[in-house]
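So the structure is just underneath, and the comments pick up after that.
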Amino acid sequence: MKIASVKGFHDVLPGDSARWAWLETRARDLFARYHFAEIRIPIVERTELFARSIGDTTDIVEKEMYSFVDRDGTSLTLRPEGTAGVVRAYVEHALWQKEPVSKLFYFGPMFRRERPQKGRLRQFHQMGAEVLGRDDPAIDAEVLMLLHDLLLACEIHHFTIELNSLGDANCRPAYREAVRAYGETHRSQLCDNCQRRLERNPLRLLDCKVPTCAALMAQAPVMEAFWCSSCREHFAAVRQALDHARIPYVLAPRIVRGLDYYVRTAFEVKAEGLGAQNAVGGGGRYDGLVKSLDGPDVPGIGFALGVERMLLALGIAVDEQLALAPEIFLAPLGAESEAHVLVLAHRWRNEGLKVELGAAARSLKSQMRQADKSGAPFVLIVGEAELESRAATVRDMLRKRDYPRAVAFDWSAGQVRQYLASLGEVATPQGHALAERTR
Ligand code: AMP
């Protein structure tokens, strides 16, 4: 019996993988411009790291983690998100002693045992950014600016940043109580989960996707009414900085995010074209997190974007920029040609040309079919006559024309490219006439 992949765990095949690489390159380039450095952390961490940071009563920790007991009895977990691991590494390596502010980014797979559907997998990928060591509103604005620019750099243009402030340890308890009281008065209308959450973590009610709960919670009290003066000022300053920089956002007074560690600034990004799973990313400030993981009292803020959802949102326009096709396809006819063509391909590839190579064991017709499929605009055919004159015959695949023994074997990649480009030019109606005259 064939062995199938595991439900919710996907392969990324050639073609698609080029889009992944493209996205990562664009993102890396932007992270560099914002002077963020990459951090690579393990996929497996101790289970308690997530239980303590994300929160015991969150969906992720309660029912979505892939945890297992290692042979020595330690409970380990495949990371469901990146922030906890980054903060663990920050504390473990005392990064605050090496630099006053750490600006970090990461890429990588995350694991959550959710019900798979379009845009929702069990192994998915995130790119994320974290800033540790600053709690001023300007850095919140800069992080949101990075998020905004990152989406644009990845050619995602139709998105909305939804912004809220969750208050802090001073003012949130009163809000929490107000939400609990509101839920309590409507207890009979809540789903079983929410009835349970009511005692332990009432703010989770605002996240519930069950339509009756969502409708009910749309009328729930909002955090804004409970902000203390310093939270109010902080949020106003973040908004002002964003307005100055013309970073668009909308206020979303009931965003709470699915993880417990957020305080003050919190945000989500929705993108068009994703269907039901339209959140492409989210993040926020997590000032108590480093301390709660036995580090110093260092504030932090960050976000994560879902790579699969970014790829769904960026559409097909990108494929044109990918230039997956080789520039030339070399087709050898016969064993002697094959040896020659292999050397040519080696040299031209080293000089920067994208070359695909046919196999002499296959007929010219079959190699042509392969060349066509590869998308190469030109095939260089090398048979006996070409070996003799030490120049390959060029077939222009787009214009269906042959140029016998036109590309000399001793040309550089640059010369080959220049010649092929000139064929494109002479192929215009005037060009044809020109080519006939100069022949
Ligand atoms: P979160 O860490 O839950 O705030 O998620 C941040 C982003 O990661 C989301 O907006 C999604 O784009 C992506 N994401 C989260 N969970 C999944 C999943 N199960 N499958 C695919 N993408 C996900």
Side-chain angles (χ1 to χ4, degrees), residues 5-12 16 20 23-24 27 41 43 45 49-50 53-55 57-66 77-87 105-130 143-144 146-148 150-151 154 156 158-164 166 203-204 206-209 252 254-263 265-286 289 300-314:
S5 64
V6 179
K7 185 176 169 189
F9 291 71
H10 286 191
D11 300 306
V12 179
D16 258 353
W20 283 68
L23 200 74
E24 196 171 313
I41 50 171
I43 284 165
E45 300 273 2
L49 173 67
F50 303 114
S53 58
I54 299 170
T57 54
T58 56
D59 281 355
I60 295 179
V61 173
E62 275 187 340
K63 49 187 191 206
E64 293 171 359
M65 294 204 304
Y66 282 96
T77 294
L78 300 184
R79 63 182 186 193
E81 56 101 51
T83 305
V86 170
V87 172
F105 74 88
Y106 59 83
F107 288 95
M110 307 293 162
F111 305 84
R112 295 183 197 171
R113 201 173 192 290
E114 297 189 81
R115 200 167 45 77
Q117 62 181 83
K118 184 185 168 200
R120 192 157 78 195
L121 297 102
R122 291 179 169 179
Q123 175 178 336
F124 61 98
H125 297 73
Q126 288 185 337
M127 55 172 84
E130 315 286 354
V143 165
L144 282 156
L146 166 64
L147 172 65
H148 170 267
L150 195 52
L151 288 160
C154 294
I156 297 168
H158 304 290
F159 62 88
T160 309
I161 298 178
E162 299 182 346
L163 190 62
N164 192 17
L166 303 181
L203 291 181
R204 284 280 80 76
L206 291 156
D207 258 351
C208 185
K209 300 285 182 293
R254 288 186 184 82
I255 284 188
V256 288
R257 310 274 304 127
L259 303 84
D260 277 352
Y261 50 60
Y262 290 113
V263 294
T265 311
F267 45 89
E268 258 170 29
V269 191
K270 304 272 166 66
E272 281 176 25
L274 293 185
Q277 304 301 321
N278 65 348
V280 71
R285 176 160 282 291
Y286 47 83
L289 183 59
I301 179 167
F303 64 78
L305 286 162
V307 174
E308 283 84 356
R309 291 190 198 167
M310 290 177 83
L311 287 165
L312 283 172
L314 63 81

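Counting starts at 1 for both ligands and their atoms, in listed order.
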Can you figure out which of [options] has its heavy atom closest to [atom]?
| atom | options | answer |
| --- | --- | --- |
| atom 1 (P) of ligand 1 | M110, E64, R112 | R112 |
| atom 5 (O) of ligand 1 | M127, Q126, E268, R120 | Q126 |
| atom 4 (O) of ligand 1 | R257, E114, R122, R115 | R257 |

Protein contact of [atom] - nearest heavy atom, named by residue and atom, plus distance:
| atom | result |
| --- | --- |
| atom 14 (N) of ligand 1 | F124 CE1, 3.5 Å |
| atom 21 (C) of ligand 1 | G119 O, 3.2 Å |
| atom 13 (C) of ligand 1 | G306 CA, 3.6 Å |
| atom 12 (O) of ligand 1 | V280 O, 2.9 Å |
| atom 20 (N) of ligand 1 | L121 N, 2.9 Å |
| atom 11 (C) of ligand 1 | R309 NH1, 3.4 Å |

Can you name the closest pair of heavy atoms from [X] and [Y] and give their distance?
| X | Y | answer |
| --- | --- | --- |
| R122 | E114 | NE-O, 2.7 Å |
| A266 | R257 | CB-CG, 4.0 Å |
| H148 | I161 | CB-CD1, 4.0 Å |

message: Is there a side chain to side chain contact (heavy atoms under 4.5 Å, CB included) between Y106 and V86? Walk through the geometry before answering.
response: CA-CA 9 Å; Y106 59 83; V86 170; 3.8 Å; yes
Quiz item: Hey, is the main chain of T265 close enough, under 3.5 Å, to the side chain of R285 for a donor-acceptor pair?
Solution: no
What residue among N164, I255, L147 forms side-chain contact (heavy atoms from CB on, under 4.5 Å) with F267?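 Checked N164, I255, L147 against F267; only one passes side-chain contact (heavy atoms from CB on, under 4.5 Å): L147.
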Ligand 1 to A304 polar contact by distance, N or O atoms, under 3.5 Å: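 No; the residue has no nitrogen or oxygen that sits under 3.5 Å from a nitrogen or oxygen of the ligand.
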So the atoms of ligand 1 within less than 4.0 Å of a heavy atom of A279 turn out to be 9 (C), 10 (O), 11 (C), 12 (O)
Item to complete: Look at ligand 1 and say whether E81 reaches it with a heavy atom at a distance under 4.0 Å.
Response: no
- Message: Under a 3.5 Å cutoff, is there a donor and acceptor pairing between the side chains of H10 and Q123?
- Response: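 There is no such pair (donor and acceptor under 3.5 Å, judged by atom type) between the side chains of H10 and Q123.
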*If you round to the nearest 0.5 Å, how far is CZ of F159 from CG of L151?*
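Taking CG in L151 and CZ in F159, the distance rounds to 4.5 Å.
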